[in-house]
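Data block below; observations after.
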Amino acid sequence: MGRVVAIAVERAGPRVAAPEQPGATGGGPLLPAQLLQEWYAANGRHSLPWRLTRDAYAVLVSEVMLQQTQVARVLPYYTAWLRRWPTAAALSGANTADVIRAWAGLGYNRRALYLHRAAVAVMAAGGTMPANEAGLRALPGVGPYTAAAVACFAGEQRAYVADTNIARVLARALLGVAGPREASAAGVRAVGEASLPAVAAREHNLALMDLGAAVCGVRSPACERCPLSEGCAWRAAGYPVGARPARRLPRFETTARFARGRIVDALRGHAALPEHELAERLPGVHAAKLAAYLAALEDEGLIERCGHGWALAGQGSTSMASPKL
DNA sequence: AATTCGGGGAG
DNA sequence: CTCCCAGAATT
C-alpha cells in the first residue's frame, strides 16, 4: 500500500505538533495527525488479513468476530470462515447449525446468528453489501462501531470510528482523563470527529486503533513510545486515575453464561441431546434453571426442540426437521 | 443507564 | 486470582 507511505511523508511539519491547531472547527483540542501517521507507517499492523481487502462482507465478518474478542484469537476463525463462506451469498445459504459450529470457541454465539441473518438480509435486498453507515447499521448485530468501521475500512468513507482503543486514546490525549468512562460519549465524539482528517480517514482510524492496542494500553501506557506524548492532556495532567467499577463477579461456573456456553457446546458435538443429558454436563446449581436457559436459547434462535430433546437450530437444512429422538 | 451475552489469555 | 478484549441488543 503505497498510499500510507505517501501520506506519512507528505509534509514535513513541525516535529512537535501543537495539540490545538487554530482554524479547524470550534478550536477544540486536535491530534497531531502528522506524527500519528508517521508512527502508523512504521508500527501499524498493516498485514492483518481484513486490512488487505476492501470487500465489505469480509470486513464485516472480521468486525463482528472482533467484537469483544482479541485480534490474535480471531485470526484463524476469520481465515476459516472466509474459506468456507467467501461471500454473503454463500453464507446466506448455510444452515444455522453449521454457522454455530464454526463459531465454537469465539464466544457470544449470537454473533454467529447475526452474521448469518445479515447475509440473508443482504441477499433479500438484492445481494449487494451496503457500504455506508446507515445501510450497515440496519443489519442485525451491527451497531454504531461496526457500521462506522465497515464503512471506513471497506468503503474508505470518512467516518468517526470509536472502538475501545480509539476512545481511550482520544479521552487521554485530548480530554486529559484516564478513559472514555471518565468522559461523556458526546465529548469523545466531538474531539474525535474534529480530528478526522479530510482524506485518509481509514489510515487515521487504524493508526489510533493500533496505538491504543500497542502503546496506550488500559493498564500500561508506554508514553516513551507514543507519538502523541508531547501534547497528551492526560500526561500533562499527571495521569489522573479513573474510577473503579468495583463489582464482585460470581464464580464463572455458577453464571448463566457458563451454563449457556456449555449447553450450546454440548449440542455442537451431537445431533441432539435429551434434557437430562444436558443437565449432567452442568454443575448442580444450574438444575433448577436449565429449562429457563433452554427457553432463552430457543427464543434467540440458537437451539430448537428436537423430539424430546434439543439440537442446534437449523440442524437439518432448512426444512422442518423430523423428530430424531 | 444498566444488564446480559463467552471464552481465552495477559498480568 | 482479576481484568480486558476492534460491542450490540434489550430492558
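With C/dA8, C/dC5, C/dA6 as the choices, the nucleotide that has an atom nearest any side-chain atom of A/R168 turns out to be C/dC5. Residue A/P144 has its side chain nearest to C/dA8 when only C/dC5, C/dA9, C/dA8 are considered.
Ionic pairing of A/D265 and A/R262 is not present here: no N-O contact between side-chain nitrogen and carboxylate oxygen is shorter than 4.0 angstrom. A salt bridge links A/E193 with A/R189; the closest basic N to acidic carboxylate O contact falls under 4.0 Å. By the 4.0 Å N-to-carboxylate-O rule, A/E300 lies close enough to A/R260 to be salt-bridged with it. The pair A/D210-A/R51 counts as a salt bridge, with a side-chain nitrogen and a carboxylate oxygen less than 4.0 angstrom apart.
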Evaluate side chain to side chain donor-acceptor pair (under 3.5 Å) for A/Y145 paired with A/Q67, printing each intermediate quantity in order. CA-CA 9 Å; A/Y145 163 75; A/Q67 290 170 5; over 6 Å; no
Would A/E224 and A/S229 satisfy side chain to side chain donor-acceptor pair (under 3.5 Å), going step by step from the backbone distance to the final call? CA-CA 7 Å; A/E224 68 283 358; A/S229 63; over 6 Å; no
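B/dG8 and C/dA9: their P atoms are spaced 24 Å apart (whole Å). Comparing C/dT11 with B/dG6, their P atoms are spaced 16 Å from each other, to the whole Å. For C/dA6 and B/dC5, the P atoms lie 22 Å apart once the distance is rounded to whole Å.
Taking atom CG of A/L60 as the reference point, atom P of C/dA8 lies 11 Å away to the nearest angstrom. A/R110 places its CZ atom 8 Å from the C1' atom of C/dA8, with the value rounded to the nearest Å. Between A/D163 atom CG and C/dG7 atom C1' there is a gap of 10 Å when expressed in whole angstrom units. Between the CG atom of A/L115 and the P atom of C/dG7 there is a distance of 16 Å, rounded to whole Å. The distance between atom CZ of A/R45 and atom C1' of C/dC5, rounded to the nearest whole Å, is 11 Å. In this structure, A/Y40 atom OH and C/dA6 atom C1' are separated by 13 Å, rounded to whole Å. One interatomic measurement links the two molecules: OH of A/Y108 to C1' of C/dG7, which rounds to 8 Å at whole-angstrom precision. Distance A/R117 CZ to C/dA8 P: 17 Å, rounded to the nearest Å.
Residues from residues 255-265 of chain A lying near DNA chain B, meaning a heavy-atom separation below 4.0 Å, are A/A256, A/R257, A/R260, A/G261 in numerical order. Across residues 70-77 of chain A, A/Q70, A/R73 each have a non-hydrogen atom less than 4.0 Å from an atom of DNA chain B (numbered order).
Comparing A/L48 and A/P140, the nucleotide of DNA chain C nearest to each residue sits closer to the 5' end for A/L48. Comparing A/S220 and A/L297 by the nucleotide of DNA chain B whose heavy atom lies nearest to each, the residue mapping closer to the 5' end is A/L297.
Among the candidates A/W81, A/Y108, A/Y78, the single residue satisfying the ring pair (Phe, Tyr, Trp, His ring centres under 6.0 Å) test with A/W103 is A/W81.
Within the 4.0 Å cut-off from OP1 or OP2 of C/dA8, at least one side-chain nitrogen or oxygen of A/T146 is found. For C/dC1, one of the phosphate oxygens OP1 or OP2 lies less than 4.0 angstrom from a side-chain nitrogen or oxygen of A/R251. One finds no side-chain N or O of A/Q68 lying less than 4.0 angstrom from the OP1 or OP2 phosphate oxygen of C/dC5.
Contact between A/L196 and A/R158 at its shortest, heavy atoms only, is O-NH2, 3.0 Å. The minimum heavy-atom distance linking A/V285 with A/K289 is given by the pair O-CE, 4.3 Å.
A donor-acceptor pair shorter than 3.5 Å cannot be found between the side chains of A/R101 and A/N95.
A/I166 comes within contact range of no nucleotide atom at all, as no heavy-atom separation falls under 4.0 Å. Among the atoms of the strands shown, base atoms are found under 4.0 Å from some heavy atom of A/T69. Within 4.0 Å of A/Y78, counting heavy atoms only, lies no atom of the nucleic acid at all. When heavy atoms are screened at a 4.0 angstrom cut-off, A/G107 is found touching base atoms of the nucleic acid. Residue contacts shown for A/L208 are absent, as no nucleic acid heavy atom lies under 4.0 Å away.
Residues A/V59 and A/T53 form a side-chain contact, since some pair of their non-hydrogen atoms from C-beta on lies under 4.5 Å apart.
The distance from the CG atom of A/L208 to the CG atom of A/N165 is 9.5 Å, given to the nearest 0.5 Å.
Taking a heavy-atom distance under 4.0 Å as the criterion, the stretch of DNA chain B touched by chain A extends 5' to 3' from B/dC5 to B/dG8.
In this structure a side-chain-to-backbone donor-acceptor pair under 3.5 Å is present from A/H286 to A/E253.
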